[in-house]
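The sequence lines fix the lettering, A, B, ..., with proteins before strands; numbering per chain opens at 1. All values below were derived from every heavy atom in this structure, side-chain atoms included, with hydrogens, water molecules and symmetry-related copies excluded. Treat the numbers as computed from the prediction; the structure is a model and nothing was measured.
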Amino acid sequence: MAKELLKGNHAFAEAAIRAGCEAYFGYPITPQTEALEHMSKRMPELGRVFLQAESEVAAINMVYGAACAGVRVMSSSSSPGVSLMMEGLSYIAGSELPVVLVDIMRGGPGLGNIAPSQGDYNQIVKGGGHGDYRPIVLAPASVQEFIDLTVEAFDLAEKYRCIVIILADGSLGQMMEPAELPEMREVRRFEERPPWSLSGAKGRTPNVISSFYLDPLNEEEVNRRLMAKQAEIEANEIRFRELMLDDAEIAVVAFGTSGRIAQSAIKNAREEGIRVGLLRPISLYPFPYERIRQLGDNVKEILVVEMNSGQMLGDVRIGIEGRIPISFYGRQGGVVPMPDEVLEEIQKVNSRSSAS
Amino acid sequence: MTDKKMVETLIYTKSESLTELGTHYCPGCTHGISHRLIAEVIDEMGVREDTIGIAPVGCAVFAYDYFNMDFAEAAHGRAPAMATGLKRVNPDKIVFTYQGDGDLASIGAAEIMHTAGRGENITVIFINNAIYGMTGGQMAPTTLPGQKTTSTPLGRDIEMHGFPMRMCEILSQLDGASYVVRRSLHNVANIRKAKKAIRQAFEVQRQGLGFSMVELLSSCPTNWGMTADEALKWVGESMVEAYPLGDYKVSPEIKGMKKGGGG
Ligand SMILES: Cc1ncc(C[n+]2csc(CCOP(=O)(O)OP(=O)(O)O)c2C)c(N)n1
Ligand code: SF4
Ligand SMILES: [Mg+2]
């Protein structure tokens, strides 16, 4: 398929449709609403389900219900709306259902604003809802990557029967870039729905989907199963991109939009002769700890850049294990850093590390 | 004398729509009666293999263990939203929720309201026992003025806690709601009427006529601090007075519906 000029929010919505998403439930919130609007037109056209829910609480529980039926289902929202979904997400995690959610983060806390932010890293990557679970979290940095990860998200969710959250920010939702959409995939036929799904117990024992285990030993068994799944995810699903790290003395670690901005800054720094490279984690859970650990052996200093007060920073620290200095540069509240600001930080780190 | 043949007539048996498991409900609790009525209706309609239930958070949380059919467990109050999602991708199945008064009228007030407002083609069985049973007897939105609960130890004070919510009356105002009725389980005559209403509600859904809800005035002897008999008497007197029985909404399409087998 040829490249076309696509807005991030339209692109991921259309990508989901082409990945065979059969039902979408959502509630309007900027800077994500174009996705809901796109779904409202396209899904009925294709004979699929679109419903504007009365709240994000209802939307995620509609998703929960449709997921019980074994269909590909998703929702999308932005920070305040995703906060409201946390209860439902926890139930979905406890019931081990495949669900895809897109969070187009905006400035916070509270009502905050509608500008791009990465302030929900901790909430999303560490679980978010109550209880002991982790969703797979993927962070795109371009419209094309957004499309590709959305398609992949459905496969991963079904492979592990888990939640996959695409964590992007307002600028990715709003920006337009040339990108290529995948081929259209039909929705699963009724007979192809998974054996555990709720479809009426015709000629079989009933299926029950629940996250309720009164006996702690039974609940522990579920938790252990989730843990085993996480170990498998951690072994197989780590994704990152790197740039010019081979001879680097400084490594910038940044995800999503911050990673993209850092990339421009690094190119400029290279022109000044600074040996700097970029590691851009794409899977935030599972986090590329091992690659970060290796960086601790190969570079002199790490610079973490985020659009928050240093949330992924904690994960980078875990990977580095205190072996080399880590500095941090962040803009908050919906402010997007400029490549020049990041370049300046790289220069500072460079003069410090070459002095030592 | 001619040969006498022994003729056995089966007058009572376990419903196929119930599992073999004994329930955990307290003696004298009417949750069990509600289960039985729903199961009989599903049996009689022959739709057990096409029915999906959604259990609440409340004393009936284990409903999925007692009903012999596909079932899901909702978050507290969210069953109508979950049922919406399930029904939209399974339009040919019968989907019902089973919800307590805390679940439906308090924490899930928004979900039930909008599900009814959309005219979602599902059936809701609403168990109004004027209390939070599962958590040990706190005030529900349906608790009567003056009624003692563990969180209104001096009795529900309307100055402090406001007034009971009458969900049938409220939901019947919504254009999307097709069949909204209140029945009681305090004696046999009323139980029979309750069963007819449940049958009607499921028929409404089967014929695609939209949102149906049967509210059942129910007992909670344990948390009311009464014997089983006293509790039923209290339902028949105090609750029926506060929550009048009747048909609050029966859409014209339903009135024109052919009478189903079970009435
Ligand atoms: C979000 C949330 N809040 C509170 C609870 C605790 N809780 C469990 S059941 C219940 C009330 C149940 O009362 P009702 O719906 O009337 O059902 P009953 O037990 O009376 O049948 C409460 C408050 C919970 N499980 N989840
Ligand atoms: S606590 Fe009340 S509602 Fe719950 S099972 Fe016992 S009697 Fe029934
Ligand atoms: Mg109750």
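Tested against A/F12 for a side-chain contact (heavy atoms from CB on, under 4.5 Å), the candidates A/I147, A/L149, A/I104 yield a single pass: A/I104. For the side-chain contact (heavy atoms from CB on, under 4.5 Å) criterion with A/F50, the lone passing option out of A/M43, A/E45, A/K41 is A/M43.
Highest contact tally toward chain A, considering only B/T115, B/V57, B/T51, B/V61, is held by B/V61 [criterion: heavy-atom pairs under 4.5 Å]. Of the residues considered (B/T84, B/D65, B/V47), B/T84 shows the highest number of contacts with chain A, using heavy-atom pairs under 4.5 Å. The most heavy-atom pairs under 4.5 Å with chain B, out of A/A58, A/S199, A/S211, come from A/S199.
Heavy atoms closer than 4.5 Å to chain A are found nowhere in B/A55, neither backbone nor side chain. Only the side chain of A/Y91 comes within contact range of chain B, judged by heavy atoms closer than 4.5 Å. Looking at A/V63, there are no atoms closer than 4.5 Å to chain B (heavy atoms on both sides), in backbone or side chain. Heavy atoms of B/F67 lying under 4.5 Å from chain A are absent altogether. Of the two parts of A/S197, only the backbone, made up of N, CA, C and O, holds a non-hydrogen atom closer than 4.5 Å to a non-hydrogen atom of chain B. Neither the backbone nor the side chain of A/I60 has a heavy atom closer than 4.5 Å to any heavy atom of chain B. Only the side chain of A/R193 comes within less than 4.5 Å of a heavy atom of chain B; its backbone N, CA, C and O stay farther away. For chain B, the nearby parts of A/Y64 are the backbone and the side chain; heavy atoms of each come within less than 4.5 Å. Neither the backbone nor the side chain of B/A83 comes within contact range of chain A; no heavy atom of the residue lies under 4.5 Å from a heavy atom of that chain.
Panel note: side chain A/R106, backbone A/G112; no donor-acceptor pair is recorded below 3.5 Å. Remark: side-chain polar atoms of A/N207 are paired, donor with acceptor, to backbone N or O of A/P195 under 3.5 angstrom.
Side-chain contact of A/S75 with A/Y27: a donor-acceptor pair under 3.5 Å is absent, judged by distance alone. With no hydrogens or angles considered, no side-chain donor-acceptor pair links A/Q52 and A/S40 at under 3.5 Å.
Side-chain contact check for B/S212 versus B/F96: every heavy-atom pair is 4.5 Å or farther apart.
By the 30° and 60° cut-offs, the orientation of the rings of B/Y132 relative to B/H76 is perpendicular.
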